[in-house]
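Note sheet for the following structure.
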Amino acid sequence: MAQARARRLGRAFYERSSLVVAPELLNKVIVAGRCRGRIVEVEAYKGAEDPASHAYRGRTARNAVMFGPPGHLYVYFTYGMHHCANVVTGAAGVAEAVLLRAVEPLAGLDEMRARRPAARRDRDLANGPGKLCAAFGLDRDDDGVDLVRGPVRIVDDGVAPPNTPASSPRIGITKAVDRPWRWYVGDS
DNA sequence: ACCGGGATGTTCT
DNA sequence: GAACATCCCGGTG
């Protein structure tokens, strides 16, 4: 079926609370080079009010991008092996971000398979925060890239977010585990 | 299918 | 020195 032309999200989209931006990122498309994927799972983190956030105890070298202007990528390295990618939201100086937890591959699957040899099925290429960074080739070099003007981008291709996205507590954290700040596309 | 443990190195206490 | 916004493999049922 015909699809509206993809349009890059503007700065204003990101300059809002992570709790608002997170569910709206569902069904948007992340693009890096030839690779494209539909965002199907996200989590919100809110610096000062959120003990689970990297920014909770203030600015450090690692989390500096979270304190910068919205619409940039915050990429960090963890567990000695994996990278995770976040979309920085909120005004400059407000350390909020949305973790990209899962993406459904749309294009560039050959590149993704080459970078994710452990994935047995295509659906396993990017269904996790570390996996999607590997599949799309995101690493520390992408920390701070501008999603509005830079090489990695997030676009709206005409597929609306779910009207009532499924939500649940966040995953893989040990603090503030009760907050239902994870959203996902139900049938994915 | 589900569960348990090990890998691996940066960051912060 | 501990914790970590994770992933993979090999066990068992």
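The chains referred to below are lettered A, B, ... by the order of the sequence lines, with proteins before strands, and numbering in each begins at 1.
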Show which side-chain atoms of residues 22-30 of chain A pair as donor or acceptor with protein atoms under 3.5 Å away, not counting sequence neighbours.
residue: Glu24(A); atom: OE1; partner: Arg16(A); partner atom: NH2; Å: 3.0
residue: Glu24(A); atom: OE2; partner: Arg16(A); partner atom: NH1; Å: 3.3
residue: Asn27(A); atom: ND2; partner: Ala160(A); partner atom: O; Å: 2.9
residue: Lys28(A); atom: NZ; partner: Glu24(A); partner atom: O; Å: 3.0

How is the base pairing of DNA chain C summarised as a dot-bracket string, given the Watson-Crick and G-U wobble criteria with both distances under 3.5 Å, [ ] for crossing and | for another strand? ||||.|||||||.
Quick check on Arg8(A): does its CZ atom have over 12 non-hydrogen neighbours (other residues, nucleotides or ligands) under 6.0 Å away? yes
Taking NZ, NE, NH1 and NH2 as the nitrogens, is one of them in Arg113(A) or Asp122(A) under 4.0 Å from a carboxylate oxygen of the other? yes
Given atom CG of Asp139(A) and atom P of dT10(B), what is their separation to the nearest angstrom? 13 Å
Thinking salt bridges, do Asp146(A) and Arg149(A) make one under a 4.0 Å N-O criterion? no
Would you mind classifying the nucleic acid contact of Arg140(A) as base, sugar-phosphate or nothing, using non-hydrogen atoms under 4.0 angstrom? sugar-phosphate
Reading 5' to 3' through nucleotides 4-13 of chain C, protein heavy-atom contacts under 4.0 Å coded B for base, S for sugar-phosphate only, - for none: BBBSS-----
Cation-aromatic face contact Arg116(A)/Phe136(A), 6.0 Å, 45 degrees: no
Is the ring pair Tyr76(A)/His54(A) parallel, tilted or perpendicular, if the boundaries are 30 and 60 degrees? perpendicular
Greater than 12 external heavy atoms within 6.0 Å of Arg123(A)'s CZ: no
Within 6.0 angstrom of Arg57(A) CZ, more than 12 heavy atoms from elsewhere: no
